[in-house]
Amino acid sequence: MEASGARLLDAIESYPGGIAFFDEHDRLVVGNPKFARVYAADAPHAQLAGRPYAEFARAAFDAELHPADEDREHWVEERLRRHREGEGRSRQFQLRDGRWMQSLTARTALGGTVVAFNDVTEVKRAHAAYQALLAEENLVLDALPVGVVFLENRVIARCNRRFEKMLGWGRGDLDGKSSRVWYASEEAYRKVGADAYAQLARGDVQESDMRLTRRDGTHLWCRSLAFAVDPQAPEQSAVFVFAEATERRAAERALQASETLHRNLVETSNDLIFSCDREGRWTYLNPAAAQRIYGCPHAELLGRDFLERLVPEVRERDRAVFESILAGKPVFDHETRHLRRDGTTVDLSFNVIPLRDEGGRIIGTTGTARDITEQKRAAAALYESVERLRLAVEAAGLYDWEWDLATGQMRYGHSPAGLPAPAGGCVISRASYAGLVHPEDRERYVAAGQAALEKGEPYAIDYRFVAREGELIWFSERGKVVHGPHGEPVHMIGVSQDVTERVRREEEVRYLAYHDTLTGLPNRRLLEDRVKQAVFLAQRRDTSVALLSIDLDRFKEVNDALGHKAGDAVLREISNRLQGCVRRSDTLARQGGDEFVIV
């Protein structure tokens, strides 16, 4: 008997929450330390036996949180009543230290009572986080410009406000209703549903135009997208998205009505409008332009290889261009030379894109061609001399410039986008240009140019400058002094290159190498560096360094119960709260998983 009593006492004291047993006279028989800690001001639990329950009820009033206007005597009396009745119902309450408890009072067979409570603080927090996430999801759904419906066995489990408004229903009125409400008839409900769920069962996304019925009996055309949560059982859970398509269908009808007019415009256009199959054979040419450009009826060209019309010098080049278009690369402003029926040549500028079928497969090419023969003849001489230099400079992504030391003016060969040159010109004073260099780089920029003039040596510098619209641009600049016949510096020539994207990528790589992608906090690598710096600084100043490791208890339960998206939201929220608890001089890092470190 004594052994059984000892085991019972051990079980009571080992109970993870608080527990106490009262006899039929409402006096304490036994209670564990956690019960004493909450309701007996940490008095030794072994000394509490024999005390009446009323004493613990009054202590409970002091231990628990209540509204400011709560009457103590009334509350204690109500507590005694619930205890005597042993209702067996659970109750949640909050202690003054902020913890949440869940308690249960039950009557025993011999007339006594058992009181037990457990700490549910973490459960409450997880529930609050889940409710916040659910509220955020509902806000997002309600903000969408399309209707979203969640169906379970063809019953509306949930839908957003947009869908309710589309069908003329009030908030929440559709919840629990069969999806039959938006079909005009039982036949349509069965047929459309059978077709849709058969497609969902194959794992496809079902897409179609549907005519929905509003609450008032009117109809609404929508574009429907649907997918099953589990294709093995699509009817159990599916998501439908509806976008109003009434205006789109009206636009399609208007487009069809205007097709004839559009075709007439194409047929009479001065620009050649054409299409070719994958073998390069003409499949369409607008008659008027074909006659004007090639000097023959368009029917004479249909079915013929377009390469037959190319002059020999460009035939292989254009064959390669055609193959690149078939590979999916469009071509714009492609200049070439074709042969007319009488043997003369015509210069054409082509814009060509791949021609695709309904499945997205490339079946040929289509585009336009403009006759630029006269333009080419007028610009040929200039093009020969200038275009080579322009193409070479632009291909390298460079901007050439010249600084006239006598006038202080800088002249650019061509003005880069964002360069602070006056609109329509490429000239700006060196002083004005330096004034637009970022203040932190300006002194270094001016000094580099001055040193080059004094020493007569080339210079190279990377710097930032503020473009016309306030945008910061990184330039890499190189310059060289040009001397006059007597050795004096006359002007400086150089090139600048926009390296903003390169710098941005370098900075992004540096940032990602030392920061956690989920929370934005320093990662393990940066943490190790910060710890080393803190230790070295502490050694130098003869001070101490504190390192706090934080691990989230039961975080796996959040991931298992609510999914990794909710887990990520919890990690971000934890990191935000921790950042609010540390100084700017401290380091908060994510060690990995649910582990954080503060230095």
Side-chain angles (χ1 to χ4, degrees), residues 333 378-514 529 533:
D333 298 324
L382 182 62
Y383 187 86
E384 289 287 337
S385 59
V386 176
E387 192 67 1
R388 290 191 183 93
L389 177 61
R390 185 186 68 81
L391 290 176
V393 172
E394 289 189 357
L398 302 175
Y399 307 104
D400 60 295
W401 51 266
E402 179 180 355
W403 175 16
D404 189 329
L405 299 179
T407 63
Q409 298 293 311
M410 293 181 66
R411 180 180 300 276
Y412 281 83
H414 65 287
S415 181
L419 198 68
C426 300
V427 179
I428 185 173
S429 71
R430 179 75 173 187
S432 298
Y433 186 94
L436 290 169
V437 173
H438 194 280
E440 296 178 3
D441 300 338
R442 188 175 301 149
E443 182 177 352
R444 183 169 56 86
Y445 173 81
V446 173
Q450 191 62 36
L453 290 175
E454 293 173 357
K455 298 179 181 179
E457 298 176 352
Y459 76 95
I461 186 174
D462 290 349
Y463 61 92
R464 296 164 291 177
F465 101 14
V466 184
R468 284 193 296 268
E469 299 178 359
E471 178 187 4
L472 280 179
I473 299 177
W474 275 95
F475 270 110
S476 179
E477 183 176 291
R478 296 178 179 271
K480 181 179 181 180
V481 179
V482 178
H483 296 88
H486 303 293
E488 75 281 9
V490 176
H491 56 268
M492 183 180 288
I493 60 173
V495 292
S496 300
Q497 185 176 23
D498 185 344
V499 294
T500 306
E501 185 61 23
R502 186 197 73 191
V503 172
R504 184 194 66 76
R505 288 196 299 268
E506 291 173 351
E507 291 175 350
E508 182 177 348
V509 169
R510 283 195 295 271
Y511 181 86
L512 292 176
Y514 291 99
D529 183 68
Q533 293 182 20

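Keep in mind that the numbers below use all heavy atoms, side chains included, and drop hydrogens, waters and symmetry copies.
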I'd like to know whether Arg504 forms a salt bridge (Lys or Arg N to Asp or Glu O under 4.0 Å) with Glu501, so could you lay out the CA-CA distance, the side-chain angles of the two residues, the decisive distance to 0.1 Å, and finally the verdict. CA-CA 5 Å; Arg504 184 194 66 76; Glu501 185 61 23; 2.3 Å; yes

Nearest 0.5 angstrom please: [X] [atom1] to [Y] [atom2], how far?
| X | Y | atom1 | atom2 | result |
| --- | --- | --- | --- | --- |
| Asp462 | Gln497 | CG | CD | 9.5 Å |
| His491 | Trp403 | NE2 | CH2 | 12.5 Å |
| Arg464 | Arg442 | CZ | CZ | 11.0 Å |
| Arg510 | Arg505 | CZ | CZ | 12.5 Å |
| Ile493 | Glu402 | CD1 | CD | 7.5 Å |
| His483 | Met492 | NE2 | CE | 9.0 Å |

Contact check, side chains of [X] and [Y], non-hydrogen atoms, under 4.5 Å:
| X | Y | value |
| --- | --- | --- |
| Val490 | Leu405 | no |
| Val499 | Phe475 | no |
| His438 | Tyr463 | no |

If we ignore hydrogens and angles and just use 3.5 Å, is the side chain of [X] paired with the main-chain N or O of [Y] as donor and acceptor?
| X | Y | result |
| --- | --- | --- |
| Ser429 | Gly408 | no |
| His486 | Glu488 | no |
| Arg478 | Ser496 | no |

Ignoring hydrogens, what is the shortest heavy-atom contact between [X] and [Y]? Give both atom names and the distance.
| X | Y | result |
| --- | --- | --- |
| Leu453 | Pro489 | CD2-CB, 4.4 Å |
| Val437 | Tyr445 | CG2-CD2, 4.0 Å |
| Val466 | Leu472 | CG2-CD2, 3.8 Å |
| Trp474 | Val503 | NE1-CG1, 3.6 Å |

Got a sec: does the CZ of Arg411 have more than 12 other heavy atoms crowding it under 6.0 Å?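 No, CZ of Arg411 has 12 or fewer neighbouring heavy atoms, counting only those of other groups under 6.0 Å.
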
Does atom CD of Gln533 have more than 12 heavy-atom neighbours from other groups under 6.0 Å away?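 Counting other residues, nucleotides and ligands, CD of Gln533 exceeds 12 neighbours.
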
Show your reasoning for whether side chain to side chain contact (heavy atoms under 4.5 Å, CB included) applies to Ile461 and Arg444. CA-CA 9 Å; Ile461 186 174; Arg444 183 169 56 86; 3.3 Å; yes

